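Each chain gets a letter, A, B and so on, in the order the sequences are listed, and its residues count up from 1. What you see is a predicted model, and the numbers here were worked out from it, not measured in a lab. Computation of the quantities below employed the complete heavy-atom set of this structure, encompassing side-chain atoms and omitting hydrogens, waters and symmetry-equivalent molecules.
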Amino acid sequence: MTHNKLIVILGPTASGKTDLSIKLAKKFDGEIVSADSRQVYKGMNIGSGKVTKKETAGIPHHLLSIANPKNRFSVVQYQKLALKAIKSIQKKNKIPILVGGTGFYIQSIVDGIIIPEIKPDWALRKKLEKIALSELFKRLQKLDPVRASNIDQNNPRRVVRALEVVLKLGKPVPTLNSKKPSFNTLQLGITKSSEKLKTLIRKRLIKRLKNNAMINEVKKLHKNGVSWKRLEEFGLEYRFVAQYLQNKINYQEMINNIQIESEHYAKRQITWFKRSKKINWIKDYKEAEQLIKKFI
RNA sequence: GCCGGGGUAGCUCAGUGGUAGAGCACUGCUCUGAAAAAGCAGUGGUCGAAGGUCCGAUUCCUUUCCCCGGCA
């Protein structure tokens, strides 16, 4: 007899998800499934804030370091692997704890959204990206007026992707659907004041820079064949350390940019999470523990 | 002390004889296989101070205070 319970721990960057989740996993006999779009990559450890082996304290962690940073990983791959991991944990009669800050990844599990089964076609995208955005949007309007009417026409990624789906599918983009929720889910979100968050981001950044650890990590990634362009795509520490190593910016600019962009990122995450009404906002371990006791 | 250049949004700066803009910051938001990505919107200034000319001055004139560079 297996259960279908799932606990989710989410929150903005630097809010303390990792520590909290490990404590809870110990307490409630759980295993952790990461929901982080950067921690999936091998070799991206310090900059992405991946737990160290020691910190895991023996709690199994899933979906960390499973992808090659030279290749692009995406939500759908995440969704498949995470579902598999969650089910296998439930089968062992342990409690899966989904932990992370990537709202889209969490949504793909919790709401079970169905994303069109058209794989990214990078050659096609490259071709489309050369065309003016307004022109692309006109084409989309012609081929799929419904999708065109609710898409952000200023966003090249969205428009290109929509066209990709329409062209390869030969028909309009399916309207967004969700499967029946497959899990009995408890979502816990960590709240912190923005002042507190900024301080935590700053402290963490200083720590990551210590002994050149983060700089060396990025150097190593590049040495192993991850291009500067690719590293910059990852954003935050990877973007600005890569720019620093290319002499595009100086050390102080690198630090300032990482700090400010991390603060922006935290706000975007909060904006995303706010949309969900199913999140229980908590301040500390105690509140989390109580809610979970009731849930289990 | 003299000669230049400058003082306009939190910061860096545009600009005009009819009470002002940009980028960044800040605030809010979007999200259909890149999501730490990619986009959108909004708030914000007695235009250094005081006089004068003018129907009207942030813009022209005078004085004054402050900053930067050069010469003494």
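Shown here are the side chain to side chain contact (heavy atoms under 4.5 Å, CB included) partners of A:Lys84, two or more places apart in sequence or in another chain: there are none. Applying the side chain to side chain contact (heavy atoms under 4.5 Å, CB included) criterion to A:Lys80, with sequence neighbours excluded, gives A:Val76, A:Glu117. Here A:His222 pairs with A:Trp228 under the ring pair (Phe, Tyr, Trp, His ring centres under 6.0 Å) rule; sequence neighbours left out. For the salt bridge (charged side-chain N to carboxylate O under 4.0 Å, His left out) test, no residue two or more places apart in sequence or in another chain qualifies with A:Arg239. In this view, A:Lys50 and A:Asn45, A:Ser65 satisfy the side chain to side chain donor-acceptor pair (under 3.5 Å) rule, not counting sequence neighbours.
Within the structure, ring-ring contact (aromatic ring centres under 6.0 Å, His included) contacts touching residues 43-82 of chain A (residues at least two apart or in different chains) are A:Tyr78-A:Tyr105. Within the structure, the salt bridge (Lys or Arg N to Asp or Glu O under 4.0 Å) test picks out the following pairs touching residues 200-218 of chain A (sequence neighbours left out): A:Arg208-A:Glu237.
Residues of residues 123-150 of chain A having a heavy atom closer than 4.0 Å to RNA chain B, listed by number: A:Arg125, A:Glu129, A:Arg147. Annotation: proximity of residues 234-244 of chain A to RNA chain B (heavy atom, distance under 4.0 Å) is found for A:Phe234, A:Gly235, A:Leu236, A:Glu237, A:Arg239, numbered in ascending order.
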Under 3.5 Å, side-chain donor or acceptor atoms of residues 161-175 of chain A against the rest of the protein: list the pairs with distances, not counting sequence neighbours.
from, atom 1, to, atom 2, distance (Å)
A:Arg161, NH1, A:Ile118, O, 2.8
A:Arg161, NH1, A:Glu164, OE1, 2.7
A:Arg161, NH2, A:Pro116, O, 3.3
A:Arg161, NH2, A:Ile118, O, 3.1
A:Glu164, OE1, A:Arg125, NE, 3.3
A:Glu164, OE1, A:Arg125, NH2, 2.9
A:Glu164, OE2, A:Asp121, N, 2.7
A:Glu164, OE2, A:Arg125, NE, 2.9
A:Lys168, NZ, A:Asp121, OD2, 2.9

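Alongside A:Leu186, the hydrophobic cluster contains A:Ile7, A:Ile9, A:Leu20, A:Ile22, A:Leu24, A:Phe28, A:Ile32, A:Val51, A:Ile59, A:Leu64, A:Ile95, A:Ile97, A:Val99, A:Leu188, A:Ile190, A:Ile282, A:Tyr285, A:Leu291, A:Ile292, A:Phe295, A:Ile296 (criterion: ILVMFWY side chains under 4.5 Å).
In secondary-structure terms, RNA chain B builds stems of at least 3 consecutive Watson-Crick or G-U pairs, each pair having both distances under 3.5 Å, at B:1-7 with B:65-71, B:10-13 with B:21-24, B:26-30 with B:38-42, B:48-52 with B:60-64.
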